[in-house]
**Q** 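Handing you a structure now.
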Amino acid sequence: QVQLVESGGGLVQAGGSLRLSCAASGRTDSSYAMGWFRQAPGKEREFVAAISASGTRTDYADSVKGRFTISREKAKSPLYLQMNSLKPDDTAVYYCAARIGSTWATYRNGYIYWGQGTQVTVSS
């Protein structure tokens, strides 16, 4: 089992920045690709960004490209999501997720481990 805990959410004005963190604990002896998803009220959980187990390859949803950056220094180190130029449409609960293996997935069912989420609210 792997436990994921997100932090760093909060309230920010449009145009501002936030940095989310995700710490993993438990059975982290395997390599895990990781991702960030978000869920706004009344909407499906959607893919935001993902990173390979090695941290060398990334992928982003079109809606956040150029504004968000996913990173991790190495396998098993904390996962980060730097969010710049935030918009009210970015308001959601953000979830960290992990899957065993080197490559990521962009769909929810591709991940077996999930954090509890952290709220991000962007005011206009």
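Since the model is a prediction, treat every value here as computed from it, not as a measurement.
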**Q** Between Arg57 and Trp104, is any pair of side-chain heavy atoms under 4.5 Å apart?
**A**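 The answer is yes; the side chains approach within 4.5 Å.
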
**Q** Please check: side-chain N/O of Arg38 versus main-chain N/O of Thr91, any donor-acceptor pairing under 3.5 Å?
**A**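 Such a contact is absent between Arg38 side chain and Thr91 backbone.
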
**Q** Are any side-chain N or O atoms of Arg99 and backbone N or O atoms of Gly110, one a donor and one an acceptor, separated by less than 3.5 Å?
**A**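 It does hold such a pair.
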
**Q** Tell me, with the steps shown, if Asp62 and Lys65 meet salt bridge (charged side-chain N to carboxylate O under 4.0 Å, His left out).
**A** CA-CA 5 Å; Asp62 288 343; Lys65 279 181 182 177; 3.3 Å; yes

**Q** Within the 4.5 Å heavy-atom criterion, are Ile70 and Met34 side-chain neighbours or not?
**A**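 They are not in contact (no side-chain heavy atoms under 4.5 Å apart), so the answer is no.
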
**Q** I want to check something: taking the side chain as every heavy atom from C-beta on, are Asp90 and Met83 in contact at a cut-off of under 4.5 Å?
**A**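 Asp90 does not reach Met83 side chain to side chain.
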
**Q** Using the rule that Ile, Leu, Val, Met, Phe, Trp and Tyr join whenever any side-chain heavy atoms are under 4.5 Å apart, tell me whether Ile100 and Tyr95 fall into a single cluster.
**A**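 No; Tyr95 is not reachable from Ile100 via cluster members.
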
**Q** Is there a path of hydrophobic side-chain contacts, each under 4.5 Å between heavy atoms, that joins Phe68 and Val93?
**A**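 Different clusters.
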
**Q** Can you tell me how far OG of Ser71 sits from CG of Leu79, rounded to the nearest 0.5 angstrom?
**A**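 Going from the CG atom of Leu79 to the OG atom of Ser71 covers 7.0 Å.
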
**Q** List in chain and number order the residues that pass ring-ring contact (aromatic ring centres under 6.0 Å, His included) with Phe37, two or more places apart in sequence or in another chain; answer none if no residue qualifies.
**A**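 Testing Phe37 for ring-ring contact (aromatic ring centres under 6.0 Å, His included), a comparison that skips the adjacent residues, returns Phe47, Tyr111, Trp114.
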
**Q** Using distance only, find each side-chain donor-acceptor pair of residues 2-21 under 3.5 Å and give its atom names and separation, not counting sequence neighbours.
**A**
| residue | atom | partner | partner atom | Å |
| --- | --- | --- | --- | --- |
| Glu6 | OE1 | Gln116 | N | 3.1 |
| Glu6 | OE1 | Gly117 | N | 2.9 |
| Glu6 | OE2 | Cys96 | N | 2.8 |
| Glu6 | OE2 | Gly117 | N | 3.2 |
| Ser17 | OG | Asn84 | OD1 | 2.9 |

**Q** Between Tyr80 and Tyr60, is there shared hydrophobic-cluster membership here, with clusters defined by ILVMFWY side-chain heavy atoms closer than 4.5 Å?
**A**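 Not linked; separate clusters.
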
**Q** Enter the distance from Lys87:NZ to Arg67:CZ here, rounded to the nearest 0.5 Å.
**A**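 Lys87 NZ to Arg67 CZ: 4.5 Å, rounded to 0.5 Å.
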
